[in-house]
There are 2 protein chains.
Amino acid sequence: MNKYSKQTRFLLAVDCIIFGFDGESLKLLLIKRGFNPEKDKWSLMGGFVQDSESLDQAANRILKQLTGLEGVYLEQMYSFGETTRDPIERTISVSYFALIDIHKYEQQISSEFHAEWVPLERIPKLIFDHQDMVEMARGRIKYKAALHPILFELLPSRFTLPQLQNLYESVFNTSIDKRNFSKRVLATGLLIKLTDKDKAGSKRGAYYYQLDKDKYYANFQAFVNIIPNPDSLQN
Amino acid sequence: MNKYSKQTRFLLAVDCIIFGFDGESLKLLLIKRGFNPEKDKWSLMGGFVQDSESLDQAANRILKQLTGLEGVYLEQMYSFGETTRDPIERTISVSYFALIDIHKYEQQISSEFHAEWVPLERIPKLIFDHQDMVEMARGRIKYKAALHPILFELLPSRFTLPQLQNLYESVFNTSIDKRNFSKRVLATGLLIKLTDKDKAGSKRGAYYYQLDKDKYYANFQAFVNIIPNPDSLQN
DNA sequence: ACAAAAGTGTTTCGAATACACCCATGT
DNA sequence: ACATGGGTGTATTCGAAACACTTTTGT
């Protein structure tokens with residue numbers, strides 16, 4: 001007995017907006033499609049939802065397919081359902097955004113996706129409505145990062161304050177006084193100062209810090225406003 | 001030529017979490033299902049997405065079906081896609097939350113939905129995962145209202161400061177000093193003081209205010225934090 | 001006259017900001 | 001010795017919070 005038999009069924013896709021940070025600038029992981037439609041055009045990584053999996057599972061599967069990574073920060077963003085967004089057949093796309101430590105990214109064996117890290121300032125034209133998704137994701141990461149400590153997900157487990165500040169400055173496209181920055185960020189109580197230094201960036205070296213995971217998970221919901229004058233935030 | 005022919009298609013629903021405020025408490029508009037499955041159980045208002053409409057259009061249609069209202073505040077919230085969330089057939093639900101002026105609500109002719117306004121403290125058991133949707137919506141309205149002036153959508157076009165304060169106190173389940181409240185809320189510059197008073201609530205009467213629509217739309221994205229200590233916010 | 005709700009102002013406190021010098025080290 | 005980036009403290013400002021009395025009017 002199928003009570004819903006008169007209803008239309010739809011294709012369902014998941015598309016991932018994958019952020020990474022290389023110490024210089026914020027980047028997205030894009031692929032060059034190796035298949036039709038829109039072969040050889042740039043696109044977000046995505047795939048169809050399978051019969052047996054939830055949306056979250058689909059997103060995790062697709063992320064792993066491309067990056068080899070599991071257990072990364074992944075959050076559902078928005079569902080796109082314009083009737084003509086996919087010219088071949090109507091498809092609803094549930095978009096997810098992911099934050100990964102760019103250094104953990106492993107080129108997958110097949111490299112069948114021709115993935116590339118592209119700085120946000122140089123995103124090429126993308127297929128379908130993927131541009132809109134990227135726009136929304138840029139707004140969302142700013143919005144959320146202004147209030148919650150999510151940007152740590154983009155850094156390796158040990159990082160320095162100058163690195164962290166660079167990251168915030170990239171995301172918000174602003175510059176921050178380093179004295180005030182360190183005060184605010186240390187005042188969260190989320191950071192543990194380590195005893196050794198990163199000598200890569202300077203002669204003197206900068207102390208490594210790591211996240212206090214317990215406090216991180218406990219305080220994640222709390223407002224942690226690190227950005228001065230967080231005005232022009234989207235959404 | 002259908003390149004996607006091997007993929008599974010899914011039922012797609014839209015479910016609406018509809019908030020209203022009657023001056024006393026925050027309420028949800030729920031329906032008692034008049035059809036199977038789960039006939040006579042409480043549920044959110046929802047419906048299947050049609051072939052010809054976008055997700056937003058579907059949500060607006062469903063909202064209008066129940067309330068008779070158009071042009072109300074309606075925002076996509078989250079998509080629920082657990083494989084077994086609907087026992088009859090797998091259905092993905094895109095949830096929307098709506099804020100409406102409860103006084104504009106018109107019982108629709110058919111009253112085929114047996115709708116009722118239910119205070120948030122007395123939400124009955126709901127079908128499927130609608131409980132989860134309501135929980136998420138409660139978190140979301142707090143979160144967003146702590147930062148943006150969305151609660152005006154719940155009030156009539158003319159309202160008094162005591163009414164507005166009641167609303168904030170209901171949503172955040174707290175009490176606010178009325179002197180500080182009026183300072184903060186007037187400091188936003190979003191309110192226009194009218195010359196006449198609402199004599200219903202008291203002998204002296206309270207001045208009516210209305211939203212400065214232009215400033216409202218212009219400043220919507222800006223942070224407008226009216227709530228003291230907005231800590232325990234979800235999401 | 002009094003009860004009930006509306007309206008209003010000042011002081012205090014804490015957080016955010018602006019701002020400048022010394023330190024460590026590789027060259 | 002010097003150039004480069006790392007690290008730290010204080011004074012000021014501004015906004016948030018605490019707090020109490022007067023006004024109006026229907027009864």
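Numbers restart at 1 for each chain; the letters A, B, ... are given by sequence-line order, proteins then strands.
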Enquirer: Between atom NZ in B:K199 and atom P in D:dT27, what is the gap in whole Å?
Expert: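 The answer, rounded to whole Å, is 11 Å.
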
Enquirer: Reckon B:R179 has a side-chain N or O less than 4.0 Å from the OP1 or OP2 of C:dT10?
Expert: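 So the side-chain polar atoms of B:R179 never come under 4.0 Å of the phosphate oxygens OP1 or OP2 of C:dT10.
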
Enquirer: Report yes or no: is there a donor-acceptor pair, N or O only, under 3.5 Å between the side chain of B:K178 and the base of C:dG7?
Expert: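 By the distance-only test, yes, there is a pair.
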
Enquirer: Could you tell me the separation between the CG atom of A:L190 and the CG atom of A:D214, rounded to the nearest 0.5 Å?
Expert: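 Taking CG in A:L190 and CG in A:D214, the distance rounds to 11.0 Å.
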
Enquirer: Could you give the NZ-to-P distance, from A:K183 to C:dA20, as a whole number of Å?
Expert: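 Computing the A:K183:NZ to C:dA20:P distance gives 14 Å.
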
Enquirer: With distance as the sole test, does B:D132 use its side chain to make a donor-acceptor pair with the main-chain N or O of B:E135 at under 3.5 Å?
Expert: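 Such a contact is absent between B:D132 side chain and B:E135 backbone.
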
Enquirer: A:L161 CG to D:dG5 C1': how many Å, rounded?
Expert: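 The distance from CG of A:L161 to C1' of D:dG5 comes to 13 Å, rounded to the nearest Å.
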
Enquirer: For A:F152 and A:L211, which heavy atoms make the closest approach, and how far apart are they?
Expert: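 Looking at all heavy atoms of both residues, the closest pair is CB-CD1, 3.7 Å.
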
Enquirer: Which atom names give the shortest non-hydrogen contact between A:I31 and A:F113, and what distance separates them?
Expert: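 A:I31 and A:F113 have their closest heavy atoms at CB-O, 3.2 Å.
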
Enquirer: Hey, can you tell me if A:F128 and A:H130 have their rings parallel, tilted or perpendicular (30° and 60° cut-offs)?
Expert: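 The arrangement is perpendicular - the two ring planes meet at more than 60°.
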
Enquirer: For B:D56 and B:Y96, run side chain to side chain donor-acceptor pair (under 3.5 Å): C-alpha distance rounded to whole Å, both residues' side-chain angles, the deciding distance at 0.1 Å, then the answer.
Expert: CA-CA 9 Å; B:D56 285 359; B:Y96 278 76; 2.5 Å; yes

Enquirer: Measure centre to centre between the rings of A:F80 and A:Y78, then say whether the value is under 6.0 Å.
Expert: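 Yes, the ring of A:F80 comes within the 6.0 Å limit of the ring of A:Y78, centre to centre.
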
Enquirer: For the pair A:Q210 (side chain) and A:L194 (backbone), establish whether a donor and an acceptor sit closer than 3.5 Å, ignoring hydrogens and angles.
Expert: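 No, because the side chain of A:Q210 does not come within donor-acceptor range (under 3.5 Å) of the backbone of A:L194.
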
Enquirer: If you look at every strand shown and take non-hydrogen atoms under 4.0 Å, does B:K197 touch a base, only sugar-phosphate, or nothing?
Expert: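 The answer is nothing, as B:K197 stays clear of every strand by at least 4.0 Å.
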
Enquirer: Decide if atom CD of B:E153 counts as having more than 12 heavy atoms of other residues, nucleotides or ligands within a radius under 6.0 Å.
Expert: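 Atom CD in B:E153 is crowded, with more than 12 foreign heavy atoms closer than 6.0 Å.
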
Enquirer: So if I take residues 200-209 of chain B and measure heavy-atom distances to DNA chain D, which residues fall below 4.0 Å?
Expert: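 Close to the strand are B:K203, B:R204.
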
Enquirer: Hey, what bend do you get for the helix from C:dA1-D:dT27 to C:dT27-D:dA1 if you fit axes on five pairs at each end, rounded to 10°?
Expert: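 Axis-to-axis angle, ends of the helix: 10°.
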
Enquirer: Does A:K193 have a side-chain nitrogen or oxygen under 4.0 Å from the phosphate oxygens OP1 or OP2 of D:dT8?
Expert: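 The answer is yes; a side-chain N or O of A:K193 sits under 4.0 Å from OP1 or OP2.
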
Enquirer: Measure from CG on A:L164 to P on D:dG7 and round the result to the nearest Å.
Expert: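 Value for this atom pair: 12 Å.
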
Enquirer: Using whole Å, report how far CG of A:D196 lies from P of C:dT25.
Expert: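 In whole Å, C:dT25 P and A:D196 CG are 14 Å from each other.
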
Enquirer: Using atom CG of B:D198 as one end and atom P of D:dG26 as the other, report the distance to the nearest whole Å.
Expert: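 It is 13 Å, rounded to the nearest whole Å.
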
Enquirer: Rounding to an integer number of Å, can you tell me how far A:I176 CD1 sits from C:dA16 P?
Expert: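 After rounding, the reported distance stands at 13 Å.
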
Enquirer: Between C:dA6, D:dA16, D:dC19, which one does the side chain of B:D177 approach most closely?
Expert: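 Nearest nucleotide to the side chain: D:dC19.
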
Enquirer: For the pair made of CZ in B:F181 and C1' in D:dC19, what is the distance, rounded to whole Å?
Expert: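 Going from CZ in B:F181 over to C1' in D:dC19 covers 18 Å.
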
